[in-house]
Number of protein chains: 2
Amino acid sequence: MADNVVEQDNGSRLQRSIISRPTMADVARLSGFSAMTVSRALKDGASVSAKTRERILEVIEEIGYVPDLSAGGLSSKRSGFVTALVPTINNSNFSDTACGLTDALSKRGLQLLLGYTDYSAAREEELVAAMLRRRPEGMILTGGFHTPRARHLLDSAAIPIIETWDLPDNPIDQVVGFSNAEAIGAMVRDLTARGYRNIGFIGGSSKRDTRGADRRAGYEAAMAELGLGEGHVITFGTPPISMEQGGQAIVQMIGQWPEVDAVICVSDLSAFGAIMECHRRGWAVPGRIAVAGFGDFEVSRCCWPSITTVTVNSYDIGRQAGELLLATLDKIRSGAEIRPATQKIDFKVVVREST
Amino acid sequence: MADNVVEQDNGSRLQRSIISRPTMADVARLSGFSAMTVSRALKDGASVSAKTRERILEVIEEIGYVPDLSAGGLSSKRSGFVTALVPTINNSNFSDTACGLTDALSKRGLQLLLGYTDYSAAREEELVAAMLRRRPEGMILTGGFHTPRARHLLDSAAIPIIETWDLPDNPIDQVVGFSNAEAIGAMVRDLTARGYRNIGFIGGSSKRDTRGADRRAGYEAAMAELGLGEGHVITFGTPPISMEQGGQAIVQMIGQWPEVDAVICVSDLSAFGAIMECHRRGWAVPGRIAVAGFGDFEVSRCCWPSITTVTVNSYDIGRQAGELLLATLDKIRSGAEIRPATQKIDFKVVVREST
DNA sequence: GCGACATTTGTTACCGGTAACATATAGCGG
DNA sequence: CCGCTATATGTTACCGGTAACAAATGTCGC
């Protein structure tokens, strides 16, 4: 695919505007007030007469002044943003969480700066270091596993940290999450109650996806607890989880353990891939084999058969984390006592056609 | 769902560290060098003796100094980041573009700051304003439609702007995209070549998704050109496009025009929803009706029947936009002439089982 | 019309770095 | 061992705002 480059003729915007952008001093000079008054006019709640503010805003509009937040932040020691790190942005669970965060934080004028770690603790470490250089007022992380250096950086950052989507054994600070192991345990119990006895599990082979690993552990624990044997686990490659992996895994599962009558997949995406592969091969779902997923993705609601899954209010994880962060910032400012706490988020097994 | 709050007992990290973070001056004092030398030690390519740098890095490590980029940027007039605005992050097309951008930009140490507009020009305007206050070195936009105020802000920003995923009639600056109308035209021709004659189109009713509107226009143009009549269009609600909407739309399509033998959907997501609804109702795809989508999402490759679609290298849009931005920044710095250009990205109709 | 107080505006210093220029030190050929 | 150049380091000013305090102006009751 050779690229097709077409010249345009709209002049050169950039060369026209070599002159540097107007600053607050320019506004001050042109309006006849001091820079400080201009600064106040832009901040609501400051004491500036209506007339003055009006005049200043006029000048601002006229010369197209745009305040520089990094200069302001340098002086006021408030950067005005919060960082969130998620494994991947292309996953409705995490993007919903990001939306919840944005909504909660924007109420107080805080911006969200998003980074994605690609499920890699090393990249998380890099991002933590890179983000801290911009002095976020708080940080939201996904999961409880971090490199020692990342943890050290976070520990000395002196800003509120919230870990989400998990219940870490040794939390840094605050937590908004749930137990992935328990959630899968609930799914195992639900399948058992419906009469399935030979329940398998399909998940990633890597430990990079720690929530995936927790889910597998939850499966194994529940199987043992219910006296259903050691279980049958098929693993596939590294995250992010793909649909295709689910398809391959279920073929392997049935090949290896034909007696398996139900499979729990680490994610709806792999469950979907598994179900589609079953269609292709003429294996009825749930007649020949039942399939359940995790995460309540849109595809599970919409596909046929619709997929039994564990639903978690992803948006709410973000919203609650955002609100907790705001509350913590308030406490820091007011000098109130900060008590690290864990907010547990509820999950629920949603039974659909696939089981 | 009541939230379950559990107190923890890990001490209060935040209250311990009220003391302000170390600055470059602290490093300077402790290492016995001047702040400027510390600054140079942290910048590669600067003339600092190996011994000095080593000593300085030692101190930095010891006291946990983290440089403040906003202070540095204020002085050097280089913020070190670029902003990209996408309609939504929860769409593999745009998130792939974001990955391509990240990869291209990180080669030169630029960070990507992502914002999502929710397909709203008003929110785009807000984001443009908010982002410009942080002085990005460039900005990547999705599509060519912006509010007048957003356009004005961008025009006076004096930074390179790249519009993507579209070929705007009146571009701001540089463009990396393709014609959505042409792409759908190619799909109409492909279906025609396969013998389909009554081709319908399913898309959003809102103009917010301008790429969606372009695709519809491309459909209508191609139908007229091929003498296939005015076509049959069913619209559903506002973006983001959901799978469910596709399911509802195809039922309406068949109800209204039973003679339709093929449907093009504005996105693979709605195509998928449509196909699943057909399954449910026992309408064979493509026997009773053929269904095509747009965007080559994973679900189309994996589902059964797999979905005929238009594939665009989303990652490459990002990568190329990133590289173009870097090249433009170089030109600005070297004073070379900047010629706004449009880089056309290729698209391709991928025929699969659903047609 | 005066003093007490509230409101509005100005001044100065500083946030934490880096550019630009000045100066000190090292390396090196003759 | 000198003088020249290259390299290493220091000094000063400034980037664009805001905090903190000072000063001026306005308001109001008596």
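The sequence lines fix the lettering, A, B, ..., with proteins before strands; numbering per chain opens at 1.
- When heavy atoms are screened at a 4.0 angstrom cut-off, A:S47 is found touching base atoms of the nucleic acid.
- There is no side-chain donor-acceptor pair under 3.5 Å between B:Y116 and B:N90.
- When each of C:dG17, D:dT18, D:dT9 is scored by its nearest atom to the side-chain atoms of B:A71, the top-ranked nucleotide is C:dG17.
- Considering only side-chain atoms of B:M24, the nucleotide from D:dG10, C:dG17, D:dG16 that sits closest is C:dG17.
- Regarding B:R134, its CZ atom lies at a distance of 17 Å from the P atom of D:dG16, rounded to whole Å.
- Candidate nucleotides C:dT18, C:dT11, C:dT9 were compared by shortest atom distance to the side chain of A:R40, and C:dT9 ranks first.
- A sub-4.0 Å separation between OP1 or OP2 of C:dG10 and a side-chain N or O of A:T37 is present.
- For the OP1/OP2 pair of C:dG17 and a distance below 4.0 Å, the side-chain nitrogens and oxygens of B:S75 include no atom meeting the criterion.
- If you measure from atom CG of A:L42 to atom C1' of C:dT9, you get 15 Å, rounded to the nearest angstrom.
- In this structure, B:S49 reaches the D:dT9 phosphate: one of its side-chain N or O atoms is under 4.0 Å from OP1 or OP2.
- Within 6.0 Å of atom CZ in B:F145, 12 or fewer heavy atoms from other residues, nucleotides or ligands are found, so the atom counts as exposed in its surroundings.
- Between D:dT18, D:dT11, D:dT9, one nucleotide has an atom nearer to the side chain of B:M36 than all others, and that is D:dT11.
- For B:K43, a side-chain nitrogen or oxygen approaches OP1 or OP2 of C:dA19 to under 4.0 Å.
- Among the nucleotides C:dT11, C:dT8, C:dG17, the one closest to any side-chain atom of A:T52 is C:dT8.
- Taking atom CD1 on A:I60 and atom C1' on D:dG17, their separation rounds to 13 Å, with Å as the unit.
- You'll find that the side chain of B:L74 is closest to C:dG16, out of D:dG10, C:dT18, C:dG16.
- At least one donor-acceptor pair closer than 3.5 Å links the side chain of A:S79 to the backbone N or O of A:R135.
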### Task
Please lay out, stage by stage, how A:I89 and A:L114 fare under the test side-chain contact (heavy atoms from CB on, under 4.5 Å).
CA-CA 9 Å; A:I89 46 177; A:L114 212 57; 3.8 Å; yes

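- Of the two residues contacting DNA chain C, namely A:V48 and A:S76, the nearest-nucleotide position lying further toward the 5' end is that of A:V48.
- Considering only side-chain N and O atoms, A:K51 lies nowhere under 4.0 angstrom from the phosphate OP1 or OP2 of C:dT8.
- In this structure, A:F33 atom CZ and C:dT7 atom P are separated by 19 Å, rounded to whole Å.
- Looking only at atom types and distance, the side chain of A:T117 has no donor-acceptor partner in the side chain of A:S120 under 3.5 Å away.
- Atoms CZ (B:R53) and C1' (D:dT9) sit 13 Å apart, rounded to a whole Å.
- Closest-nucleotide positions on DNA chain D for B:K77 and B:S34 were compared, and the one nearer the 5' end corresponds to B:S34.
- Interatomic distance, B:E323 CD to B:L105 CG, rounded to the nearest 0.5 Å: 9.5 Å.
- The distance from atom CZ of B:R135 to atom C1' of C:dT18 is 18 Å, rounded to the nearest whole Å.
- One atom, CZ of B:R55, and another, C1' of D:dA8, lie 18 Å apart when rounded to the nearest Å.
- The CZ-C1' distance, from A:R78 to C:dC15, rounds to 15 Å in whole Å.
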